[in-house]
Protein chains: 2
Amino acid sequence: MGESGQQSASIERLKPQDKRRISDSTIHRLSLYHRLLGELESDGTKTVSSKQLAELQRLTPAQVRKDLSFFGAFGTRGLGYSVSDLRKKIAEIIGLDRRWNVAVIGVGNIGSALIGFKEFPNRGFDVKLVFDNDQRKIGSNHKGMRVSDIRNLKEDLKANQIDLVILAVPSSPAQKIVDEVVAAGVKAILSFAPTHIDVPPDVYVRSEDMSMELEYLTYALVNNPGK
Amino acid sequence: MGESGQQSASIERLKPQDKRRISDSTIHRLSLYHRLLGELESDGTKTVSSKQLAELQRLTPAQVRKDLSFFGAFGTRGLGYSVSDLRKKIAEIIGLDRRWNVAVIGVGNIGSALIGFKEFPNRGFDVKLVFDNDQRKIGSNHKGMRVSDIRNLKEDLKANQIDLVILAVPSSPAQKIVDEVVAAGVKAILSFAPTHIDVPPDVYVRSEDMSMELEYLTYALVNNPGK
DNA sequence: GAATGTGAAGGTTTTCACAGCA
DNA sequence: TGCTGTGAAAACCTTCACATTC
């Protein structure tokens with residue numbers, strides 16, 4: 001928290017107008033708007049209202065306007081928003097006005113899926129490095145990527161200026177690997193290991209547990225039989 | 001909403017004590033507790049306090065107790081909770097006291113990763129069917145599963161009593177396939193298609209967009225340089 | 001003494017409703 | 001007239017603090 005962190009001067013960034021922290025849900029929805037605006041742009045749609053933006057995602061117009069209002073006033077009263085302008089603004093807010101270097105650790109089921117994931121480059125993410133600890137995999141080609149030895153993790157992450165790490169390893173070695181990743185100076189980790197990951201406060205972790213996603217649904221099935 | 005949905009009489013289910021809807025965050029944390037209790041059980045830990053349960057996940061003890069209190073009183077004052085009892089209770093709440101039949105639609109990158117995902121059977125999910133529309137894949141073996149023709153989707157889902165569908169297809173055909181799935185009577189869908197999915201109100205959808213997960217992190221990187 | 005279970009307080013997020021502008 | 005931008009109200013969620021129980 002607090003008033004730390006002056007922005008790099010080179011980019012005049014859109015940031016929250018007041019000092020209030022922006023909620024996770026708002027960030028999530030901004031991402032959603034950004035994705036939808038991309039679809040609309042491809043369709044050739046020029047302008048869009050908060051009402052339309054909301055309906056297409058099952059949200060409320062007020063919600064859409066409030067989310068955007070934290071960062072500025074991007075619309076035109078009586079008219080709505082310019083699809084391409086709004087998309088650019090949101091891209092700037094969530095950091096999609098640049099490309100990001102990604103490393104994938106673990107070339108098992110999920111790891112190899114993500115390496116071959118065509119959506120990533122379209123959305124600004126370039127998988128630059130791939131690691132494993134299995135001698136049979138190291139050096140081999142996996143969907144066009146050469147698999148590196150995890151023993152060189154720290155050095156390779158630094159040398160290649162990796163911004164984001166995707167962790168696709170079992171739970172048992174996960175924390176130890178994360179410690180290495182943190183030591184390499186990486187500040188953002190997307191983990192698929194089904195266990196809690198501990199990091200210093202200046203490092204961001206997002207944990208994805210596929211089974212937990214399904215459990216959400218089973219809860220709903222079991223508890224809302226009719227809905 | 002409303003008072004619909006009497007429970008099936010055969011299972012005496014733990015349900016919310018008051019009529020207030022349980023929040024998504026609570027369900028998510030119950031899943032987390034369940035996972036952690038599993039680890040503790042393997043370690044041979046017999047009892048656990050809300051304080052411990054909280055610290056291991058970076059939550060507060062009050063939060064843990066409140067979450068549980070919506071469903072009953074499972075602890076012993078002065079002592080804490082029995083690891084194995086609490087785990088069983090939570091399993092019952094989120095529907096993990098039974099097994100679930102899953103179908104995976106789309107045998108691309110993510111689809112095939114999930115088919116081979118060993119964590120699923122450990123957590124109660126059995127992948128029973130796998131579909132694709134690619135003639136070269138249909139009939140072939142993918143990680144031990146025979147790939148079915150998506151043209152028989154509706155019939156096969158019904159015949160095999162599929163509870164949950166995992167959708168791992170591109171955005172463009174996603175909605176059409178979902179309509180089929182819904183017509184087959186399936187009430188829960190986990191979608192990896194990076195687009196909004198529309199379903200009737202008695203069907204539950206959870207959407208996972210890998211790029212959006214990364215975007216969360218880029219927002220943090222760009223906006224909290226020092227944190 | 002130790003830790004649960006829970007009303008009440010405090011904080012955050014969403015929705016409302018309308019002033020203001022194209 | 002139509003739709004944005006935004007304070008204020010309402011709903012919701014988390015934390016506090018303490019009576020209660022083992």
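Letters A, B, ... mirror the listed sequences (proteins, then strands); counts begin at 1. Hydrogens, waters and symmetry mates play no part in the numbers below; they use all other heavy atoms, side chains included.
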**Q** So among B:L32, B:L68, B:D85, which one has a side-chain contact (heavy atoms from CB on, under 4.5 Å) with B:I90?
**A**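 One option only clears the test, and that one is B:L68.
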**Q** Provide, to the nearest angstrom, the distance between the CG atom belonging to B:D67 and the C1' atom belonging to C:dG5.
**A**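 In whole Å, C:dG5 C1' lies 13 Å from B:D67 CG.
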**Q** How do B:T76 and A:G78 order along DNA chain C: which one's closest nucleotide is nearer the 5' end?
**A**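 The 5'-side residue here is B:T76.
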**Q** Nearest-Å distance, CD1 (B:I22) to P (D:dC13)?
**A**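 In whole Å, D:dC13 P lies 9 Å from B:I22 CD1.
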**Q** Rounding to an integer number of Å, can you tell me how far B:F71 CZ sits from C:dT6 P?
**A**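 The distance from CZ of B:F71 to P of C:dT6 comes to 13 Å, rounded to the nearest Å.
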**Q** Mind running side-chain hydrogen bond (donor to acceptor under 3.5 Å, both in side chains) on B:S211 and A:E119 for me, showing each step along the way?
**A** CA-CA 7 Å; B:S211 305; A:E119 187 82 2; 4.8 Å; no
**Q** Between D:dC13, C:dT15, D:dT4, which one does the side chain of A:T60 approach most closely?
**A**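 Selected nucleotide (nearest to the side chain): C:dT15.
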**Q** With the side chain of B:S23 defined as its heavy atoms from C-beta on, choose the nearest nucleotide among D:dT14, D:dG5, C:dA3.
**A**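 The nucleotide sitting nearest to the side chain is D:dT14.
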**Q** So, does the side chain of B:R77 form a donor-acceptor pair with the base of D:dT21 at under 3.5 Å?
**A**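 Result: no qualifying N/O pair found.
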**Q** Calculate the interatomic distance between B:L68 atom CG and D:dT15 atom C1'; express it in whole Å.
**A**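 Spelled out: CG on B:L68 to C1' on D:dT15 is 16 Å.
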**Q** Among D:dT20, C:dA17, D:dT15, which nucleotide has an atom closest to any side-chain atom of B:A62?
**A**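 Within the option list, the nearest is D:dT15.
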**Q** Phosphate oxygens OP1/OP2 of D:dC13: is one of them under 4.0 Å from a side-chain N or O of B:Q63?
**A**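 No, B:Q63 has no side-chain N/O under 4.0 Å of OP1/OP2 on D:dC13.
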**Q** Let me know the distance between CZ of B:R65 and P of D:dC18, rounded to the nearest Å.
**A**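 Going from B:R65 (CZ) to D:dC18 (P), I get 14 Å.
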**Q** Could you tell me how far apart B:F70 (CZ) and D:dT14 (C1') are, to the nearest whole angstrom?
**A**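 Those two atoms, CZ and C1', are 9 Å apart.
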**Q** May I ask you to verify if any side-chain N or O of B:S50 is less than 4.0 angstrom from the OP1 or OP2 atom of C:dT4?
**A**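 Result: yes.
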**Q** Nearest to the side chain of A:S25, which nucleotide is it out of C:dT13, C:dA3, D:dT14?
**A**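 Nearest listed nucleotide: C:dT13.
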**Q** Would you kindly give the CG-to-C1' distance between B:L86 and C:dA3, to the nearest whole Å?
**A**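 That distance rounds to 14 Å.
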**Q** Among the candidates D:dG5, D:dT4, D:dT6, find the nucleotide nearest to the side-chain atoms of A:K66.
**A**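 Minimum distance to the A:K66 side chain belongs to D:dT6.
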**Q** Could you tell me the separation between the CZ atom of B:R21 and the P atom of D:dA11, rounded to a whole number of Å?
**A**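 Rounded to whole Å, this separation is 16 Å.
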**Q** Donor-acceptor check, side chain of A:Y216 to backbone of B:D24, threshold 3.5 angstrom: yes or no?
**A**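 Such a contact is found between A:Y216 side chain and B:D24 backbone.
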**Q** So does A:I22 get a backbone contact from the side chain of A:T26, meaning a donor-acceptor N/O pair under 3.5 Å?
**A**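 Pair absent, no side-chain N/O of A:T26 close to backbone of A:I22.
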**Q** Pick out which of A:F125, A:F192, A:F117 makes a side-chain contact (heavy atoms from CB on, under 4.5 Å) with A:I166.
**A**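 Looking at A:F125, A:F192, A:F117, the match for A:I166 under the side-chain contact (heavy atoms from CB on, under 4.5 Å) is A:F192.
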**Q** Can you tell me if B:Y81 touches the phosphate of D:dC22, counting only side-chain N or O atoms and a distance under 4.0 Å to OP1 or OP2?
**A**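 No, B:Y81 has no side-chain N/O under 4.0 Å of OP1/OP2 on D:dC22.
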**Q** Specify the residue among A:K51 and B:L79 whose closest nucleotide of DNA chain D lies further upstream toward the 5′ end.
**A**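 In this pair, the answer is A:K51.
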